[in-house]
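Taking it in order: structure first as structure tokens, then the write-up.
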Amino acid sequence: MTNFLIHKKPGMIFFLAFCFLSGYSQHAAEAISEIEQHRKKQGETFRNKDESPLPKADRKKFKGLKYYAVDLKYRVKGTFIKNEHPVLFKMKTTTTRLPDYVKYGEVHFQIDSQSYKLEVYQSPDIMQRPGYQDYLFIPFTDLTN
């Protein structure tokens, strides 16, 4: 079993942060603190001119990401199934850009006794960046987009 957290971020069409944890039995206060630290780091990344995905003009206006209140109901145990035969393809985006990705695997989990599956992708281009060798991407949309 792989442990992960799901963070909902309004307006982020293609972003889902998975934080892989070494121990699932953390106390609620520790879990909330971990999520808040992650959120703070995300905000710092968006403000940092060397790391931000935002253009300079948007970065100057950036006031921070908006989050829902932490709900540990979405801290779930899931099963990761690796794709043994990944195929390179061009992923459709919200722009005309078509980056290369492979389907790396799937994460299966349940919330309120309902089963869910998220597809996990990996970018050969992003893997070449220092510190991103193990970077995985889970695109999704929800009613907040």
Between Y104 and N83, is a side-chain contact (heavy atoms from CB on, under 4.5 Å) present by the stated rule, with each step listed? CA-CA 5 Å; Y104 189 80; N83 183 357; 5.9 Å; no
Any chance you could lay out the side-chain contact (heavy atoms from CB on, under 4.5 Å) test for I81 and H108, step after step, and finish with the verdict? CA-CA 8 Å; I81 301 170; H108 297 256; 3.5 Å; yes
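When atom types are taken as modelled, the side chain of S33 and the backbone of A29 share no donor-acceptor pair closer than 3.5 angstrom. Remark: side-chain polar atoms of R47 are paired, donor with acceptor, to backbone N or O of G43 under 3.5 angstrom. Here the side chain of Q133 pairs a donor or acceptor atom with the backbone of G131 at under 3.5 angstrom. Side chain of D112 to backbone of Q114: no donor-acceptor contact under 3.5 angstrom is found.
One finds the CD1 atom of I32 at 11.0 Å from the CD atom of E30 (value rounded to the nearest 0.5 Å). The structure places NZ of K41 at 11.5 Å from CG of N48, a figure rounded to the nearest 0.5 Å. Atoms NE2 and OH, on H38 and Y67 in that order, are 6.0 Å from each other to the nearest 0.5 Å. For the atom pair M91 CE and R97 CZ, the distance stands at 10.0 Å (nearest 0.5 Å). The distance from atom NZ of K66 to atom CZ of R39, rounded to the nearest 0.5 Å, is 14.0 Å.
Closest heavy-atom contact between R59 and S52: CD-CB, 3.6 Å. P124 approaches D100 most closely through the heavy-atom pair CD-O, 3.5 Å.
Using cut-offs of 30° and 60° for the angle between ring planes, the F89 and Y121 rings count as perpendicular.
The shortest distance between side-chain heavy atoms of Q110 and V76 does not fall below 4.5 Å.
Hydrophobic clustering places Y101 together with Y135 (ILVMFWY residues linked when any side-chain heavy atoms are closer than 4.5 Å, directly or through intermediates). In this structure, Y116 is a member of the same hydrophobic cluster as V120, with clusters built from ILVMFWY side-chain heavy atoms closer than 4.5 Å. The cluster map of Ile, Leu, Val, Met, Phe, Trp and Tyr, joined by side-chain heavy atoms under 4.5 Å apart, puts Y132 and F137 in the same cluster. Cluster membership check: L136 does not share its hydrophobic cluster with M127, using side-chain heavy-atom separations under 4.5 Å among Ile, Leu, Val, Met, Phe, Trp and Tyr. Side-chain heavy atoms closer than 4.5 Å link hydrophobic residues (I, L, V, M, F, W, Y) into clusters, and following such links, even through other members, never connects V102 to F80.
Counted within 6.0 Å of CG on D134, heavy atoms from surrounding residues, nucleotides or ligands total 12 or fewer; the atom is thus considered open.
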